[in-house]
Amino acid sequence: MDFLQLPDDCLDLIFINFKLEELLALFNEIHIRFDEAIERQLRRFRDLEFSMRQPPVVKEEAMILLGRHLNSLHINVGYSTKDKDVLKYLNPLCQGASEGRGLKALKLDHAKWSSDILGAILKVVPSLLFLDMRHCDVRDYQIRQLLESADKLSALALLHINNQTGDSYLQPQLLNRVPSLRLIHISVLGPLPFSPEDLAEQCPNLSFLISDLIKSEFKIYGPPANLQNYYSCYDVLFKSP
């Protein structure tokens with residue numbers, strides 16, 4: 001049987017049984033009709049989650065293609081993972097996502113943000129609604145750059161380590177410059193270097209969810225409705241296929 005003679009719907013019925021790595025291994029290897037059929041299947045993987053302990057074995061060109069179709073991306077990096085290893089995936093996925101402009105949510109776990117990782121993320125920040133960095137080592141100047149590039153960001157989650165992270169990103173003039181921003185979830189290690197009450201008063205449309213990791217308690221400052229929207233969006237955006 002000549003598979004190239006099959007109509008699109010038959011090819012779709014065949015490729016729907018393939019896993020992500022199996023699909024992308026065939027991309028650009030056989031015929032353009034196969035490539036088109038493979039790309040139609042990528043909507044099944046638009047909410048992508050993987051760990052750098054067992055990353056997908058995928059060619060760079062195929063990762064760029066996949067990135068164009070992403071709705072959400074969640075990578076468990078691991079602090080022992082070398083930059084070059086995570087960037088092997090993050091760079092092409094973010095490049096593709098910046099072209100497709102459909103990536104709404106991004107979550108990195110257990111990563112120390114370097115300038116190269118920040119550069120990759122900055123490519124997709126304009127389309128993001130939700131950015132979760134609660135388990136990452138990120139500095140205040142990096143957070144500032146992210147906020148300055150954000151056009152649609154609704155919720156930001158981050159880890160604040162006293163005497164390490166810095167607080168220059170918590171300036172009302174910067175936060176109020178992102179009109180879509182409704183909630184910042186700050187997980188805190190150590191005493192707060194700022195007053196959330198004063199900040200909520202100076203940013204009336206913004207809520208601050210402060211989670212104290214030492215005391216295992218949290219407090220909400222600002223409009224409480226934003227908290228409900230935060231959790232409902234989290235569940236929708238970070239769903240696995």
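All values below were derived from every heavy atom in this structure, side-chain atoms included, with hydrogens, water molecules and symmetry-related copies excluded. We're numbering straight along the sequence, starting at 1.
Across every non-hydrogen atom of Pro55 and Phe50, the tightest pair is CA-CD1, 4.1 Å. Nearest approach of Leu183 to Ile220, heavy atoms of both residues: CD1-CD1, 4.3 Å. For Ala200 against Tyr221, the heavy-atom pair with the smallest separation is CB-CB, 4.0 Å. Closest approach of Leu181 and Ala155 over heavy atoms only: CD1-N, 4.1 Å. Closest non-hydrogen pair, Asp85 versus Tyr89, comes out as O-CD1, 3.5 Å. Of all heavy-atom pairs between Arg33 and His31, the closest is N-ND1, 3.0 Å.
Put simply, the side chain of Arg177 does not reach to within 4.5 Å of the side chain of Leu147, judged on heavy atoms. By the 4.5 Å heavy-atom criterion applied to side chains, Leu206 and Asn176 are not counted as neighbours. Counting only heavy atoms from C-beta outward, the side chains of Glu60 and Lys88 never approach each other to under 4.5 Å. Leu90 places a side-chain heavy atom less than 4.5 Å from the side chain of Ile75. Counting heavy atoms from C-beta on, the side chains of Lys104 and Lys152 never come closer than 4.5 Å.
Tyr141 and Trp113 are members of different hydrophobic clusters when ILVMFWY side chains are connected at heavy-atom separations under 4.5 Å. At a threshold of 4.5 Å between side-chain heavy atoms, the hydrophobic network of Ile, Leu, Val, Met, Phe, Trp and Tyr places Ile14 and Leu26 in one connected group. Hydrophobic clustering, with ILVMFWY side chains joined whenever heavy atoms are under 4.5 angstrom apart, keeps Tyr79 apart from Leu87. Under the 4.5 Å side-chain heavy-atom criterion for grouping Ile, Leu, Val, Met, Phe, Trp and Tyr, Leu24 is not connected to Ile64 through any hydrophobic cluster.
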Practice task
Could you check Lys123 against Asn91 for side chain to side chain contact (heavy atoms under 4.5 Å, CB included), going step by step and ending with a plain yes or no?
Solution key: CA-CA 9 Å; Lys123 296 177 185 176; Asn91 269 330; 3.9 Å; yes
Exercise for the section: Decide side chain to side chain contact (heavy atoms under 4.5 Å, CB included) for His74 and Asp47; before the verdict, give the C-alpha distance in whole Å, the side-chain angles of both, and the deciding distance to 0.1 Å. Expected result: CA-CA 8 Å; His74 179 187; Asp47 296 298; over 6 Å; no
Practice task
Could you please spell out the steps behind the side chain to side chain contact (heavy atoms under 4.5 Å, CB included) verdict for Leu108 and Val86?
Solution key: CA-CA 11 Å; Leu108 293 185; Val86 66; 5.8 Å; no
Exercise for the section: Walk me through it: do Val58 and Leu66 pass the test side chain to side chain contact (heavy atoms under 4.5 Å, CB included)? Expected result: CA-CA 10 Å; Val58 180; Leu66 177 60; over 6 Å; no
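Residues Gln41 and Arg44 have side chains that bring a donor and an acceptor to within less than 3.5 angstrom of each other.
With rounding to the nearest 0.5 angstrom, the CG atom of Asp140 is 7.5 Å from the OG1 atom of Thr165. Taken from NE2 in His69 to CG in Leu103, the straight-line distance is 13.0 Å, to the nearest 0.5 Å. Note: Lys107 NZ to Ser72 OG = 10.5 Å, rounded to the nearest 0.5 Å. Atoms CD and CZ, on Glu22 and Phe15 in that order, are 11.0 Å from each other to the nearest 0.5 Å. For the atom pair CG (Leu23) and CZ (Phe34), the distance works out to 11.5 Å, reported to the nearest 0.5 Å. Considering CD1 of Ile186 and CG of Leu199, their distance stands at 7.5 Å, rounded to 0.5 Å.
Only one option out of Cys94, Ser149, Ser98 pairs with Leu122 in a side-chain contact (heavy atoms from CB on, under 4.5 Å); it is Ser149. Screening Leu128, Ile184, Leu146, Leu129 for a side-chain contact (heavy atoms from CB on, under 4.5 Å) with Leu153, the sole residue that qualifies is Leu128. Shown are His110, His135, Glu49; of these, the side chain to side chain donor-acceptor pair (under 3.5 Å) with Asn76 is made only by His110.
Formation of a donor-acceptor pair under 3.5 Å by the Ser207 side chain with backbone atoms of Pro223 is found in this model. Remark: side-chain polar atoms of Asn226 are paired, donor with acceptor, to backbone N or O of Arg182 under 3.5 angstrom. At least one donor-acceptor pair closer than 3.5 Å links the side chain of Glu21 to the backbone N or O of Val57. Between the Asp212 side chain and the Lys215 main chain, a donor and an acceptor come within less than 3.5 Å of each other.
Note on residues 166-197: pairs passing ring pair (Phe, Tyr, Trp, His ring centres under 6.0 Å), not counting sequence neighbours, are His185-Tyr230.
A 6.0 Å sphere centred on CG of Asp9 holds more than 12 heavy atoms belonging to other residues, nucleotides or ligands. Around CZ of Phe218, the count of heavy atoms belonging to other residues, nucleotides or ligands within 6.0 Å does not exceed 12. Heavy-atom neighbours of Gln54 CD from other residues, nucleotides or ligands within 6.0 Å: at or below the threshold of 12. Around the CD atom of Glu201, the shell of radius 6.0 Å holds no more than 12 heavy atoms that belong to other residues, nucleotides or ligands.
Other residues sharing the hydrophobic cluster of Ile214, ordered by chain and number and joined by side-chain separations under 4.5 Å: Leu159, Ile161, Leu189, Leu213.
For Lys112, the salt bridge (charged side-chain N to carboxylate O under 4.0 Å, His left out) criterion is met by Asp137, not counting sequence neighbours. Applying the salt bridge (charged side-chain N to carboxylate O under 4.0 Å, His left out) rule to Arg68 yields the partners Glu99; only residues at least two apart in sequence or on another chain are considered. Residues satisfying the salt bridge (charged side-chain N to carboxylate O under 4.0 Å, His left out) criterion with Lys59, sequence neighbours excluded, are Glu29. Residues passing the salt bridge (charged side-chain N to carboxylate O under 4.0 Å, His left out) test with Glu148 are Arg144, sequence neighbours excluded.
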